[in-house]
**Student:** 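Have a look at the structure that comes next, please.
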Amino acid sequence: MKKRVAIIGGGITGLAAAFEIEKANQRGETKLDYQVIEGSNRLGGKIQTHRRDGFVIEAGPDSYLKRKTSMTTLIEEVGLKDELTTNDTGQSFILKGTSLYPIPAGAVMGVPTEITPFIKTGLFSPLGKVRALGDFVIPKTMGPNEDISLGHFFRKRLGNEVVDHLIEPLLSGIYGGDMDKLSLKATFPHFQQMEETNRSLIKGIKKSRPKTPKKADVPTKKEGMFQTLKHGIESLVEAVADKLDPESIHLSQNVKNITKSGSGFTLQYEDGVKEVFDYVIVTTPPPVTAKLLSHYPYFDYFKQMEMTSIATVAMVFPEEAVVQAEEGTGFVVSRKSGYTITACTWTSKKWRHTTPAGKVILRCYVGRPGHSDIVRKSDEEIIQTVLNDLAHVIEIKEKPDFFYVSRWSNPQYQVGHTFKLDKMKEDIEAFLPGLQVAGAGLAGVGLPDCIDQGKACAKAIMDSKQ
Ligand code: FAD
């Protein structure tokens with residue numbers, strides 16, 4: 001009899017796991033019966049693309065970091081290589097007060113590495129700039145095996161101004177979290193390593209950056225760091241699903257709980273039906289995972305994990321209705337400026353394939369820790385709030401032709417995240433062997449990180465005695 005693997009959740013993590021097993025089955029290396037069990041009526045989870053009248057509008061993720069290769073590999077494996085496209089680069093800004101300030105040249109994730117643009121920017125006061133340069137002399141903030149919050153780390157190294165007006169809007173956007181609670185070790189461990197090696201973060205980053213090319217080699221245009229698919233990220237979901245055994249995909253099938261039974265596991269669904277599997281890969285968001293396994297004491301961290309509610313707001317306008325004072329690809333918002341929006345991308349400039357000629361797409365984010373009320377409001381109220389905020393920096397003469405508002409929640413990696421995860425994994429290995437837990441709540445929220453995790457779970461099962 002074939003051993004049975006349940007993959008709970010049909011987001012990118014679950015699909016990557018399923019595809020890995022499917023490939024090994026095809027190669028004749030394994031004979032595993034895998035089943036993807038998805039609670040909603042569609043695959044993709046947070047990946048969702050709206051395609052309409054020539055527009056390609058992402059509700060969730062819109063791209064990925066090119067240097068993280070597992071996403072490109074998956075795209076190539078399912079035959080979508082020709083669909084890949086890189087972002088158009090342009091100036092990004094910080095909205096502070098009612099002005100858009102260009103992000104100073106040389107700032108890496110907000111950490112200044114070029115002195116002249118940093119000294120010249122109007123984003124910080126003279127005192128704030130002097131404080132940031134204190135990084136050159138300030139002692140190390142932590143030992144190699146400690147964890148502190150991103151806020152604690154950067155405030156100590158560079159001071160509050162640079163954190164509040166540059167680093168915070170840039171970094172917490174990626175994790176949708178609170179800088180003063182997010183774990184440094186789990187989110188940006190290389191900053192910790194740089195401090196460990198160089199003490200000064202500025203020196204460490206400068207050292208790690210590629211040397212400036214000789215004049216003749218300087219490219220005319222900076223190459224984008226992100227990639228996406230011309231027909232949307234959801235085309236990857238569709239292509240992976242096409243490679244799987246159609247009988248192995250189950251939609252609208254909500255798992256209610258998972259119990260260890262004998263050498264395997266029993267899944268109980270919402271409709272009461274039970275099914276037995278030899279292995280289980282759980283890729284649901286952490287609070288759901290904790291609920292599915294609530295009768296075991298190993299998932300307390302997941303139970304307590306805070307989730308940040310956010311919404312993305314994509315709006316389509318006729319080109320002539322939007323007048324931008326600044327040329328660029330978007331801005332993030334300084335948290336001290338009293339706005340509800342946290343970021344805005346001029347999608348039609350950054351990703352030209354998304355927008356037919358004569359139209360403009362603006363994509364904004366709302367919602368952050370402690371300010372989630374906005375996400376619960378009606379679409380119309382959210383749109384009005386976003387338009388009111390945008391009016392400070394962009395002249396918008398008409399209501400949008402149409403819009404999409406999408407609500408999400410993101411896991412917050414709290415201080416000590418990696419240590420708590422290690423303990424959880426140890427407990428699972430000892431007391432629930434055959435169970436794998438993966439996904440955005442664990443080892444990275446980026447699409448490539450999720451793919452890596454899904455593949456690793458599949459591999460762990462394939463490598464175990466089947
Ligand atoms: P999910 O996609 O959340 O999948 C989990 C699945 O489990 C869902 O389909 C859900 O329906 C299902 N499920 C839940 N409960 C049950 C149950 N009881 N039974 C069965 N199934 C269940 N990353 C990037 O790399 N680049 C970006 O540009 C980017 N932008 C983002 C923008 C937004 C607005 C958001 C929210 C995230 C973004 N991310 C980005 C992060 C990335 O999209 C996610 O981390 C990733 O898609 C998560 O995949 P996952 O499979 O782990 O989880």
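Just so you know, ligand 1 is whichever comes first in the structure, and atom 1 is the first atom listed for that ligand. Hydrogens, waters and symmetry mates are skipped; everything else that's a heavy atom, side chains included, is used.
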**Student:** Are Glu234 and Arg42 ion-paired here, with the side-chain N under 4.0 Å from a carboxylate O?
**Tutor:**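 Between Arg42 and Glu234 there is a salt bridge, with a charged N closer than 4.0 Å to a carboxylate O.
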**Student:** Once ring pair (Phe, Tyr, Trp, His ring centres under 6.0 Å) is applied, do any residues pair with Tyr339, and if so which ones, sequence neighbours excluded?
**Tutor:** His392
**Student:** Report all N/O contacts between ligand 1 and the protein shorter than 3.5 Å as a table of atom names and distances to 0.1 Å; if there are none, say 'none'.
**Tutor:**
from, atom 1, to, atom 2, distance (Å)
ligand 1, 2 (O), Lys46, N, 2.9
ligand 1, 3 (O), Lys46, NZ, 2.9
ligand 1, 9 (O), Glu38, OE1, 2.6
ligand 1, 9 (O), Glu38, OE2, 3.2
ligand 1, 11 (O), Glu38, OE2, 2.6
ligand 1, 18 (N), Asn254, OD1, 3.2
ligand 1, 18 (N), Val255, O, 3.1
ligand 1, 19 (N), Val255, N, 3.1
ligand 1, 21 (N), Gly39, N, 2.9
ligand 1, 25 (O), Leu447, N, 2.8
ligand 1, 26 (N), Ser63, O, 2.6
ligand 1, 28 (O), Asp62, N, 3.2
ligand 1, 28 (O), Asp62, OD1, 3.3
ligand 1, 28 (O), Ser63, O, 3.2
ligand 1, 45 (O), Val445, O, 2.5
ligand 1, 51 (O), Ile12, N, 3.1
ligand 1, 51 (O), Thr13, N, 3.0
ligand 1, 51 (O), Thr13, OG1, 3.1
ligand 1, 52 (O), Thr13, OG1, 2.8
ligand 1, 52 (O), Ala440, N, 3.0

**Student:** Apply the side-chain contact (heavy atoms from CB on, under 4.5 Å) test between Met315 and each candidate in Leu390, Asp401, Ile361; give the one that qualifies.
**Tutor:** Leu390
**Student:** For residues 243-278, pull every pair meeting ring-ring contact (aromatic ring centres under 6.0 Å, His included), keeping only residues two or more places apart or in separate chains.
**Tutor:** none
**Student:** Under a 4.0 Å threshold between the charged nitrogen and the carboxylate oxygen, would Lys243 count as salt-bridged to Glu77?
**Tutor:**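 Here Glu77 does not pair with Lys243 in a salt bridge, since their nearest N and O are not under 4.0 Å apart.
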**Student:** Can you name the residues that form a ring pair (Phe, Tyr, Trp, His ring centres under 6.0 Å) with Tyr298, not counting sequence neighbours?
**Tutor:** Phe431
